[in-house]
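For ligands, and for the atoms within them, numbers begin at 1 and follow the listed sequence. Count residues from 1 along the sequence.
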Amino acid sequence: MAASADTTTTTPSCTLAGRIALVTGGGSGIGRACCQVLAREGAQVVVTDINLQAAKHTLTLLPGEGEHVAVAMDVRERKSVEDAMKSAQDQCGAPPSLLVNCAGVVTIAPILETDSDSWHKNIDVNLTGTFLVTQTFATSLLENGKDSKGAVVNIASIDGKTGSTNLSGYTASKGGVISLTKTCAAELASKAIRVNCVLPGLIDTPMTASRMRELRENLMRLIPLGRTGRPEEVAEVVAFLLSERSSYMVGACVEVTGGYGM
Ligand SMILES: NC(=O)c1ccc[n+]([C@@H]2O[C@H](COP(=O)([O-])OP(=O)(O)OC[C@H]3O[C@@H](n4cnc5c(N)ncnc54)[C@H](O)[C@@H]3O)[C@@H](O)[C@H]2O)c1
């Protein structure tokens, strides 16, 4: 049998040094934590958000002053996405080769009371946004990247797997992100771009603050670990999936839920 490398004594490089990473929804919650962990791992981070002020605030929390950039991006609009990708490339000197699709919204209502606007809000940001940003990212990397090896992580949700009451538009959009991840993964693997997704459970962020107050007790009973998650606990998994440490992972859906929904 051929001798294999001793993987027990050597620590694989976890660094993202030299990589440019674009994060959508980087102005808050899980997206902000992703920016912080990716910067810690050495990536130059392009913090994007529909709320530019929030993205700029994230910049102040990152190590490496002056290295990272904040760019406004509305993931629902193709022109906004393309302009932001171009601005990122101009400011960083190369296109991003790492992408985190994290921008998201949620609306809460029973199916019988869900109007079309509310339905489309979830689909437009969470699903169409993931499609538009991934397509623009991959095009710019394949056309302009010197080293076109790339990785994408989509932030879906455990609700996209299990469904959830009062979240029809949200759960449908996140189920869509899961299947879009697998399709993109299958198409882009041969072009050296790996695509995977993360399914967070209940994470303490501004998005869940009001729902938490309402449902905390019931939900806690359903989470085997007995607590909510922290944004950085999702971000650590994202950093792993973007790094070469996950080099054989393609189209995977990694649950970060404290055991909820498994
Ligand atoms: N918090 C949780 O429990 C949880 C669980 C599962 C999945 N998620 C997902 O994680 C992602 C981040 O959620 P969060 O909890 O950090 O929420 P958050 O509300 O704290 O952050 C969401 C960010 O997305 C930005 N955003 C909204 N619409 C946008 C648009 N059109 N274009 C660009 N940016 C836009 C917001 O400005 C905000 O900065 C979302 O996709 C969410 O669905 C969250």
Colleague: Checking a contact table here: which protein heavy atom is nearest atom 40 (C) of ligand 1, and how many Å away?
Modeller: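 Looking at atom 40 (C) of ligand 1, the protein heavy atom closest to it is Cys102 O, 3.2 Å.
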Colleague: Could you check whether Asp204 and Thr228, counting side-chain N and O atoms only, form a donor-acceptor pair closer than 3.5 Å?
Modeller: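 There is such a pair (donor and acceptor under 3.5 Å, judged by atom type) between the side chains of Thr228 and Asp204.
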Colleague: For Gly29, take its heavy atoms, then give the atoms of ligand 1 lying under 4.0 Å from any of them.
Modeller: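 Those atoms are 16 (O), 20 (O).
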Colleague: Would Lys86 and Asp90 satisfy salt bridge (charged side-chain N to carboxylate O under 4.0 Å, His left out), going step by step from the backbone distance to the final call?
Modeller: CA-CA 6 Å; Lys86 182 163 184 329; Asp90 290 346; 3.0 Å; yes
Colleague: Mind checking whether Lys174 has a heavy atom under 4.0 Å from ligand 1?
Modeller: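 Yes, Lys174 has a heavy atom closer than 4.0 Å to ligand 1.
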Colleague: Between atom CG of Asn51 and atom OG1 of Thr48, what is the distance when rounded to the nearest 0.5 Å?
Modeller: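 The CG atom of Asn51 sits 11.5 Å away from the OG1 atom of Thr48.
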Colleague: Which residue holds the protein heavy atom closest to atom 8 (N) of ligand 1, what is that atom called, and what is the gap in Å?
Modeller: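 Closest protein heavy atom to atom 8 (N) of ligand 1: Tyr170 OH, 3.6 Å.
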Colleague: So, Asn154 and Thr181: side-chain donor and acceptor under 3.5 Å apart, yes or no?
Modeller: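 Looking only at side-chain atoms, Thr181 and Asn154 do form a donor-acceptor pair, the distance falling under 3.5 Å.
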Colleague: Got the closest protein heavy atom to atom 20 (O) of ligand 1, with its distance?
Modeller: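 Protein heavy atom with the smallest distance to atom 20 (O) of ligand 1: Ser28 OG, 2.6 Å.
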Colleague: Name the closest protein heavy atom to atom 4 (C) of ligand 1, giving the residue it belongs to and the distance to 0.1 Å.
Modeller: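 So the nearest neighbour among protein heavy atoms is Gly201 O, 3.9 Å.
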Colleague: Can you check whether Ser157 has an N/O within less than 3.5 Å of an N/O in ligand 1?
Modeller: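 By distance alone, the answer is no.
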Colleague: State the atoms of ligand 1, each with its element, that fall below the 4.0 Å cut-off from a heavy-atom position in Asp74.
Modeller: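 The list of qualifying atoms is 30 (C), 31 (N), 32 (N).
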Colleague: Answer yes or no: does an N/O atom from Gly31 fall short of 3.5 Å to an N/O atom of ligand 1?
Modeller: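 N/O-N/O distance under 3.5 Å: no.
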Colleague: Considering both backbone and side-chain atoms of Val125, is one of its nitrogen or oxygen atoms within less than 3.5 Å of a nitrogen or oxygen in ligand 1?
Modeller: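 Val125 vs ligand 1: no N/O contact under 3.5 Å.
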Colleague: Got the closest protein heavy atom to atom 33 (C) of ligand 1, with its distance?
Modeller: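 Going by distance alone, atom 33 (C) of ligand 1 is nearest to Met73 O, 3.1 Å.
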Colleague: Does a salt bridge link Glu232 with Arg230, judged by any charged N lying under 4.0 Å from a carboxylate O?
Modeller: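 The answer is yes: the pair qualifies as a salt bridge.
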Colleague: Can you report which non-hydrogen protein atom sits closest to atom 14 (P) of ligand 1, along with the distance?
Modeller: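 Among all protein heavy atoms, the one nearest atom 14 (P) of ligand 1 is Thr205 OG1, 3.5 Å.
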Colleague: Examine ligand 1 and decide if any of its atoms is less than 4.0 Å from a heavy atom belonging to Asn126.
Modeller: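 No; Asn126 lies far enough from ligand 1 that no heavy-atom distance drops under 4.0 Å.
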Colleague: Answer yes or no for Gly129: is there a heavy-atom contact with ligand 1 below 4.0 Å?
Modeller: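 Not so, Gly129 does not reach ligand 1.
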Colleague: Please check whether Leu202 reaches ligand 1 - meaning an N/O of the residue sits under 3.5 Å from an N/O of the ligand, judged on distance alone.
Modeller: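 No, since none of the N or O atoms of Leu202 sits under 3.5 Å from an N or O of ligand 1.
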Colleague: Quick one: NE2 on His68 to OG1 on Thr60, what's the gap to the nearest 0.5 Å?
Modeller: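 Answer rounded to 0.5 Å: 11.5 Å.
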Colleague: If you count the atoms of ligand 1 from 1 in the order shown, which ones are under 4.0 Å from a heavy atom of Ala103?
Modeller: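 Counting from 1, the qualifying ligand atoms are 24 (O), 33 (C), 34 (N), 35 (C), 41 (O).
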Colleague: So, Asp49 and Ser28: side-chain donor and acceptor under 3.5 Å apart, yes or no?
Modeller: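 Per modelled atom types, Asp49 and Ser28 side chains form no pair under 3.5 Å.
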Colleague: Decide salt bridge (charged side-chain N to carboxylate O under 4.0 Å, His left out) for Glu244 and Lys149; before the verdict, give the C-alpha distance in whole Å, the side-chain angles of both, and the deciding distance to 0.1 Å.
Modeller: CA-CA 10 Å; Glu244 281 302 300; Lys149 205 168 185 180; 3.6 Å; yes
Colleague: Determine the sole option in Leu99, Leu142, Val250 for which the side chain to side chain contact (heavy atoms under 4.5 Å, CB included) test with Ile193 is passed.
Modeller: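 So the option named by the test is Leu142.
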Colleague: Mind checking whether Ala54 has a heavy atom under 4.0 Å from ligand 1?
Modeller: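 No heavy atom of Ala54 comes that close to ligand 1.
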Colleague: Assess whether side-chain hydrogen bond (donor to acceptor under 3.5 Å, both in side chains) is satisfied between Glu187 and Thr183, documenting all intermediate values.
Modeller: CA-CA 6 Å; Glu187 289 191 26; Thr183 298; over 6 Å; no
Colleague: Indicate if Ile50 and Val23 have the same hydrophobic cluster label, given that clusters are the connected sets of ILVMFWY residues with side-chain heavy-atom separations under 4.5 angstrom.
Modeller: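 Unlinked, Ile50 and Val23 end up in two clusters.
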Colleague: Look at ligand 1 and say whether Asp49 reaches it with a heavy atom at a distance under 4.0 Å.
Modeller: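 Asp49: in contact with ligand 1 (<4.0 Å).
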Colleague: Test your reading of the structure: does Ile30 have an N or O sitting under 3.5 Å from an N or O of ligand 1?
Modeller: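 Yes, there is a polar N/O contact under 3.5 Å.
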Colleague: Quick check: Val75 and ligand 1, any N/O pair under 3.5 Å apart?
Modeller: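 Between Val75 and ligand 1, an N or O pair is found under 3.5 Å apart.
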Colleague: For ligand 1, which part of Thr208 has a heavy atom less than 4.0 Å away: the side chain, the backbone, both, or neither?
Modeller: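 It is the side chain that gets close, since no backbone atom is under 4.0 Å.
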Colleague: Is the shortest distance from a heavy atom of Ser80 to ligand 1 less than 4.0 Å?
Modeller: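 So Ser80 does not count as touching ligand 1.
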